[in-house]
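Position 1 is the first residue of the sequence, and the numbers go up from there.
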Amino acid sequence: MPGLVSVKTPPETPALRISVSDENHGRNGSGSSRSEQVNPKTNSPAPRRPPSPSTSRAKPSPDRGSGKKKSPPEKVEIDESSLDNPDLGPFLLKLARDTIASGEGPNKALDYALRAAKSFERCAVDGEPSLDLAMSLHVVAAIYCSLVRFDEAIPVLETAIKVPEVSRGADHALAAFSGYMQLGDTYSMLGQLDRSIESYKEGLKTQMEALGDTDPRVAETCRYLAEAHVQAMQFDEAESLCKKTLEIHRVHSPPASLEEAADRRLMALICEAKCDYESALEHLVLANMAMIANGQETEVAAIDVGIGNIYLSLSRFDEAVFSYQKALTVFKSSKGDNHPSVASVYVRLADLYYKTGKLRESRSYCENALRIYAKPVPGTTPEDIACGLTEISAIYELFNEPEEALKLLLKAMKLIEDKPGQQSTIAGIEARMGVMFYMVGRYEEARSSLENAVIKLRASGERKSAFFGVVLNQMGLSSVQLFKIDEAAELFEEAREILEQECGHCHQDTLGVYSNLAATYDAIGRVDDAIEILEYVLKLREEKLGTANPDFNDEKKRLAELLKEAGRSRNKNPNSLENLIDPNCKRTTKKETSSKKWSAFGFRS
């Protein structure tokens with residue numbers, strides 16, 4: 001992420017590096033000589049495979065570079081009254097950097113940085129925004145983040161954003177841009193993806209006003225924002241930004257550049273998520289050619305894995321095996337037989353062989369991958385292991401071994417439960433565990449796990465995604481099994497609203513929620529509402545989906561039973577669901593519910 005340059009800071013001052021990530025160094029807002037390094041977004045190792053790089057947020061190492069620990073700066077006692085001295089701010093900021101570089105600890109550096117910010121604030125000329133103040137606040141926020149005190153970093157950054165005036169020129173625009181991006185990163189570490197994306201959008205807007213729409217640095221920010229949209233499963237927005245990035249790189253970069261290859265890999269992931277596999281394959285092939293032209297052998301292998309995934313989705317199994325084996329050969333020769341990259345290919349092959357009916361080979365590859373994850377080589381991140389364990393658990397679920405799948409999911413969650421920025425990933429794992437608990441009849445644990453997932457997804461801004469709707473539906477089913485029928489009805493209603501918006505009325509997930517909601521309404525005595533939902537579903541199937549689906553006869557039989565009970569005949573023109581499900585409808589009391597016979601309906605996962 002780009003940083004901020006202070007023209008008044010002495011040039012010999014060492015740069016503050018907190019949670020350094022080399023992968024984001026290219027996102028500069030202007031031609032600055034020095035930038036503040038802040039915490040980037042982390043990716044989610046859930047099965048949806050987002051493209052954002054996984055970076056290790058280790059605390060700064062004092063031994064880095066020279067191999068010798070610097071002696072800590074002498075403790076300096078500062079009189080508060082001296083903060084009015086205009087020379088004190090830069091001095092304190094240098095002390096903060098020296099303290100970090102010496103390894104003495106971020107708390108002392110934080111004290112110096114806070115005093116520096118106070119000094120810059122006192123010495124600011126009335127009516128003149130101080131870029132030094134903005135920079136010192138960015139440093140304070142970065143130290144808070146290194147201490148995992150993200151909630152305290154946010155108000156500091158919100159203050160820093162208000163300091164510069166973009167109309168005053170490029171330096172002020174860069175300061176505002178850096179603040180917005182750092183704020184977005186901090187929200188991302190808290191798992192608040194919606195707020196993170198809004199901050200990135202403001203940063204992009206500021207950058208475009210300063211540099212224009214076609215600057216290469218704008219392309220980098222567009223891709224950064226596109227990755228955030230992918231993490232939030234907002235694929236249409238991500239696709240639009242990624243197309244803009246490609247257009248800019250076509251103008252400013254040579255053909256088959258590394259920048260274009262990175263754009264195409266992201267675009268392929270977006271197309272795959274939207275089930276546009278042919279387009280995804282085209283982008284990956286072009287990215288592969290670019291990487292070959294630039295001699296990036298390991299990256300070529302990583303793209304080969306992506307190509308194999310697309311072939312697998314297209315049921316082109318022989319071509320998928322060829323792509324996976326190519327990647328496996330390169331990873332083994334370049335990284336070693338026990339590297340997590342090798343294990344990840346084993347997992348893909350295990351999935352492929354299961355789908356082709358070769359269960360023995362599938363299980364063998366799962367076991368090979370688990371052996372690697374059990375004894376990870378140095379440098380393997382917990383996120384990598386958690387991702388692999390989560391994918392293997394899905395295969396054990398297909399083997400109809402839910403208990404083994406649960407063990408793997410629990411191990412994966414323990415690996416990342418204390419890692420910042422992993423809330424969405426943990427929510428995905430908890431949702432999977434909830435499904436597993438439900439399958440083995442442990443309904444109380446299922447509901448608890450799904451409830452934890454729902455809480456995290458609401459907090460992370462994914463409360464309007466189709467995935468969230470599916471989790472709500474599953475939690476509703478668990479509530480039904482625990483005889484919490486009113487709660488189940490509320491969950492199904494919320495799931496219905498989300499899935500109608502995200503997937504449409506005719507999607508199988510939406511139809512499943514309709515059926516569950518009708519059964520729940522019948523159970524709590526709202527028979528008329530249950531009848532109207534089933535009439536609506538049957539009308540959809542007859543007019544748009546066809547009647548060959550086995551669910552059609554089941555729903556038709558259920559509707560007939562309800563109509564017979566109510567003494568009515570079928571209405572061929574049912575009301576719209578928008579007018580049907582009224583949250584203000586009268587709720588049946590627990591006494592009435594317990595006295596009514598249990599619904600004859602089944603429920604759909």
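Between M233 and F235, the closest side-chain pair of non-hydrogen atoms falls below 4.5 Å. You'll find the side chain of H138 reaches within 4.5 Å of the side chain of L157, heavy atoms only. Contact of the L408 side chain with the L370 side chain is registered, since non-hydrogen atoms from C-beta on lie closer than 4.5 Å. In this structure, Q423 and Q192 have side chains that are not in contact, with every pair of non-hydrogen atoms separated by 4.5 Å or more. Taking the side chain as every heavy atom from C-beta outward, E299 and R265 approach each other to under 4.5 Å. Two residues are said to be in side-chain contact when any heavy atoms from C-beta on lie closer than 4.5 Å; V139 and I143 meet this criterion. Side chains of F437 and V435 form no contact here, defined as non-hydrogen atoms less than 4.5 Å apart. Contact annotation: the side chain of M208 never approaches that of T221 to less than 4.5 Å [non-hydrogen atoms, C-beta and beyond].
With respect to the salt-bridge test (charged N to carboxylate O, under 4.0 angstrom), the residues R447 and E451 qualify. We find that E383 and K419 are not joined by a salt bridge, their nearest charged nitrogen and carboxylate oxygen being 4.0 Å or further apart. Between E198 and K201, at least one side-chain nitrogen of the basic residue sits less than 4.0 Å from a carboxylate oxygen of the acidic one, meeting the salt-bridge criterion. Salt bridge annotation for R223-E220: present, with a cationic side-chain nitrogen under 4.0 angstrom from a carboxylate oxygen. Looking at K162 and E158, no side-chain N of the basic residue comes within less than 4.0 Å of a carboxylate O on the acidic one, giving no salt bridge.
Rounded to the nearest 0.5 Å, atoms SG (C222) and NZ (K244) are 5.5 Å apart. One distance of note links SG of C271 with CZ of R264; it measures 10.5 Å at 0.5 Å rounding.
Looking only at distances, no side-chain donor or acceptor of S240 sits under 3.5 Å from a matching main-chain atom of D236. Proximity of a side-chain donor or acceptor of N294 to a complementary backbone N or O of Q296 within less than 3.5 Å is not detected. Proximity of a side-chain donor or acceptor of T99 to a complementary backbone N or O of L95 within less than 3.5 Å is detected. One N or O on the side chain of S136 and one on the backbone of L133 form a donor-acceptor pair closer than 3.5 Å. For the pair T206 (side chain) and E202 (backbone), a donor-acceptor distance under 3.5 Å is present. Side-chain atoms of S188 never come within 3.5 Å of backbone atoms of G184 as a donor-acceptor pair (strictly under, hydrogens ignored).
No hydrogens or angles considered: a donor-acceptor pair under 3.5 Å links the side chains of Q422 and T425.
Annotation for N107 and R149: closest pair OD1-NH1, 4.0 Å, computed over non-hydrogen atoms. Summarising the geometry of V163 relative to S130, their closest heavy-atom pair is CG1-O, 3.1 Å, with the distance given to 0.1 Å.
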Decide salt bridge (Lys or Arg N to Asp or Glu O under 4.0 Å) for K243 and E247; before the verdict, give the C-alpha distance in whole Å, the side-chain angles of both, and the deciding distance to 0.1 Å.
-> CA-CA 6 Å; K243 285 180 178 178; E247 291 169 3; over 6 Å; no
Decide yes or no on side-chain hydrogen bond (donor to acceptor under 3.5 Å, both in side chains) for Y200 and D185, but give the supporting numbers first.
-> CA-CA 8 Å; Y200 293 146; D185 289 340; 2.5 Å; yes
Apply side-chain hydrogen bond (donor to acceptor under 3.5 Å, both in side chains) to T390 and R432, showing your working.
-> CA-CA 9 Å; T390 303; R432 290 276 304 282; 6.0 Å; no
